[in-house]
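Comments concern the structure below.
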Amino acid sequence: MFLVLCLDTNLRYTTPPKRPTNLHGKEGDAMTDTLTIARPDDWHLHFRDGDLLAETVPATANVFGRAIVMPNLNPPVNTVAQAAEYRERIMAQVPAGVSFEPLMVLYLTDSTPVEEVERAANSDFVHAFKLYPAGATTNSASGVTDPGRITHLYEAMEKHDVPLLVHGEVTDADIDIFDREKVFIDRYLNTIRSQFPALRIVFEHVTTSEGVNFVREANALTAATVTPQHLLMNRNDLLVGGVRPHNYCLPILKRRQHQEAIQKAVIDGHSRFFLGTDSAPHARNKKEAACGCAGCYSARAALPLYATFLEQHNALDKLEGFASHFGADFYRLPRHTDTVTLQRKPWDVPAVIDAAGEPVVPFFAGEQLPWSLG
């Protein structure tokens with residue numbers, strides 16, 4: 001049996017955003033050539049560390065006012081002190097004159113002390129803890145081995161009002177990779193939600209109809225982030241015509257029916273689904289490999305991608321809530337008063353980006369989008 005890697009990054013995907021024939025701003029309005037919204041935030045991304053920060057931080061800070069920064073470095077960011085040091089390295093790469101705030105997150109382990117939750121709550125820069133089931137994704141080997149056995153930490157987070165961010169997948173070898181999100185909900189998340197009703201929970205990078213329904217049916221302290229890849233693609237875009245490694249991410253792309261459930265939540269303007277790119281750079285040779293890395297680097301193209309999708313569905317008026325308001329409200333942070341402007345001007349996503357001397361193929365590499373940042 002042979003595994004074919006389709007490495008032509010200029011090939012069209014099966015479900016790319018296409019220039020719509022019926023262009024609207026708000027429903028019923030004439031076609032608009034500019035769109036100005038309150039500055040958006042990215043509620044889930046990976047900056048990585050070291051030399052990569054010179055690419056990843058400006059790419060986000062030039063568009064977004066804040067970002068929830070994932071802590072799965074190697075070694076992970078486990079303590080408030082480590083988060084402070086990482087924050088300094090990030091801030092050193094923010095372009096001059098740009099206002100940007102990294103919102104730091106701590107990495108949960110089996111041995112995280114309860115006292116660290118209180119320290120996080122008392123800091124002014126740590127905004128959440130991240131639950132990675134051990135082995136679920138990049139740099140997650142130190143994650144939680146049994147999410148059902150750290151209830152003392154959930155209790156402390158609830159007490160101190162520190163949000164729990166969840167990578168919602170089990171990692172059992174006998175569970176099909178396409179079913180791991182549903183099993184996580186059934187095995188752990190329903191119980192956590194019911195046992196700790198005052199705990200704020202974010203279902204990160206939701207990928208299934210079961211995940212969408214969980215958030216819709218749960219209490220007001222339950223939300224989800226939505227990535228460009230899970231909004232715009234399904235598993236056909238990963239597997240049809242050969243394996244497309246630059247569309248490979250974890251959680252993996254699912255069936256179209258799951259993609260459509262995510263799309264509907266965003267098109268509906270549901271206030272507990274908001275922008276989180278999960279932008280995650282990997283060098284090209286680490287993606288196009290026998291054991292390719294998981295992650296899509298979307299930071300530069302994210303806002304035009306979301307705008308293009310919403311315009312296709314005559315829902316461009318939903319962009320500001322999704323990108324700029326809902327996440328800030330959930331995290332109990334002020335909405336931005338400054339703005340960004342999108343222009344109806346064709347823009348080609350770069351085929352390759354030089355990041356720390358390594359070529360990185362971004363999400364939707366080589367594709368032309370109808371919106372660009374003004």
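By convention here, the first residue in the shown sequence is residue 1.
- Using modelled atom types, one finds a donor on one side chain and an acceptor on the other under 3.5 Å when comparing His167 with Glu169.
- Cluster membership check: Ile353 does not share its hydrophobic cluster with Leu369, using side-chain heavy-atom separations under 4.5 Å among Ile, Leu, Val, Met, Phe, Trp and Tyr.
- The shortest heavy-atom contact between Pro251 and Thr207 is CB-CG2, 3.6 Å.
- One distance of note links CG of Asn78 with CG of Leu106; it measures 8.0 Å at 0.5 Å rounding.
- Two residues are said to be in side-chain contact when any heavy atoms from C-beta on lie closer than 4.5 Å; Asn234 and Arg255 fail this criterion.
- Checking side-chain atoms of Thr60 against main-chain N and O of Ala299 turns up no donor-acceptor pair under 3.5 Å.
- The CG atom of Asp237 sits 11.5 Å away from the CD atom of Gln229 when rounded to the nearest 0.5 Å.
- Under 4.0 Å is where a charged nitrogen must lie from a carboxylate oxygen, and between Glu311 and Arg344 at least one such pair does.
- Closest approach of Pro281 and Val360 over heavy atoms only: CB-CG1, 4.5 Å.
- For the atom pair Asp278 CG and Leu45 CG, the distance stands at 8.5 Å (nearest 0.5 Å).
- Between Val170 and Tyr188, the closest side-chain pair of non-hydrogen atoms falls below 4.5 Å.
- By the criterion of side-chain heavy atoms lying less than 4.5 angstrom apart, applied directly or through intervening Ile, Leu, Val, Met, Phe, Trp or Tyr residues, Met233 is grouped together with Val266 in one hydrophobic cluster.
- Remark: side-chain polar atoms of Arg39 are paired, donor with acceptor, to backbone N or O of Val63 under 3.5 angstrom.
- Under a 3.5 Å cut-off, the side chain of Ser324 and the backbone N or O of Gly321 do not form any donor-acceptor pair.
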Task: Pair Glu217-Arg193, salt bridge (charged side-chain N to carboxylate O under 4.0 Å, His left out): steps then yes or no - done: CA-CA 11 Å; Glu217 294 167 8; Arg193 179 68 290 166; over 6 Å; no
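- In this structure, the side chains of Ile192 and Val166 stay at 4.5 Å or more apart for every pair of heavy atoms.
- Distance alone, capped at 3.5 Å, places no donor-acceptor pair between the Lys254 side chain and the Asp179 backbone.
- Under the 3.5 Å distance criterion, the side-chain polar atoms of Glu55 are left unmatched by any main-chain donor or acceptor of Leu52.
- To the nearest 0.5 Å, atoms NZ (Lys130) and OG (Ser140) are separated by 9.5 Å.
- The pair Arg335-Asp329 meets the salt-bridge criterion, with a side-chain N (NZ, NE, NH1 or NH2) lying under 4.0 Å from an Asp/Glu carboxylate O.
- Hydrophobic side-chain contacts under 4.5 Å tie Val202 into a cluster, directly or through other members, with Trp43, Ile68, Met70, Leu103, Val105, Tyr107, Tyr132, Leu165, Phe274, Phe326, Phe330, Tyr331, Leu333.
- Residues Thr308 and Pro304 come closest through the heavy atom pair OG1-O, 2.7 Å.
- In summary, Asp268 and Lys318 do not engage in a salt bridge, as defined by a charged side-chain N under 4.0 Å from a carboxylate O.
- Under the 4.5 Å side-chain criterion, counting only non-hydrogen atoms from C-beta, Val212 is not in contact with Phe203.
- Side-chain atoms of Asn72 come within 3.5 Å of backbone atoms of Thr138 as a donor-acceptor pair (strictly under, hydrogens ignored).
- Between Lys182 and Asp176, no side-chain nitrogen of the basic residue sits less than 4.0 Å from a carboxylate oxygen of the acidic one, so the salt-bridge criterion is not met.
- Two residues are said to be in side-chain contact when any heavy atoms from C-beta on lie closer than 4.5 Å; Phe178 and Arg235 meet this criterion.
- Put simply, the side chain of Leu231 reaches to within 4.5 Å of the side chain of Tyr306, judged on heavy atoms.
- Side-chain polar atoms of Glu288 and His246 form a donor-acceptor pair below 3.5 angstrom.
- In terms of heavy atoms, Leu253 sits closest to Asn247 at CD1-O, 3.6 Å.
- Between the side chains of Thr34 and Gln343, not a single donor N or O lies within less than 3.5 Å of an accepting N or O.
- Using a 4.0 Å cut-off between charged nitrogen and carboxylate oxygen, Arg187 and Asp172 count as a salt-bridge pair.
- Pairing each heavy atom of Arg216 with each of Ala265, the nearest pair is NH2-CA, 3.3 Å.
- Ring geometry, His313 versus Phe309: the interplanar angle falls from 30° to 60°, so the pair is classed tilted.
- Contact of the Thr341 side chain with the Leu35 side chain is not registered, since no non-hydrogen atoms from C-beta on lie closer than 4.5 Å.
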- [ ] Begin from the C-alpha positions of Asn122 and His160 and carry the test side-chain hydrogen bond (donor to acceptor under 3.5 Å, both in side chains) through to its verdict.
- [x] CA-CA 9 Å; Asn122 290 334; His160 294 288; 5.9 Å; no
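- The backbone N or O of Ile175 lies less than 3.5 Å from a partner atom in the side chain of Arg180, making a donor-acceptor pair.
- Side chain of Ser194 to backbone of Asn190: a donor-acceptor contact under 3.5 angstrom is found.
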TODO: Begin from the C-alpha positions of His258 and Ser209 and carry the test side-chain hydrogen bond (donor to acceptor under 3.5 Å, both in side chains) through to its verdict.
DONE: CA-CA 5 Å; His258 298 295; Ser209 59; 3.2 Å; yes
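- Under the 3.5 Å distance criterion, the side-chain polar atoms of Thr227 are matched with a main-chain donor or acceptor of His230.
- Taken to the nearest 0.5 Å, the CG atom of Leu164 stands 6.5 Å off from the CG atom of Leu108.
- Contact between Asp49 and Arg89 at its shortest, heavy atoms only, is OD2-NH2, 2.8 Å.
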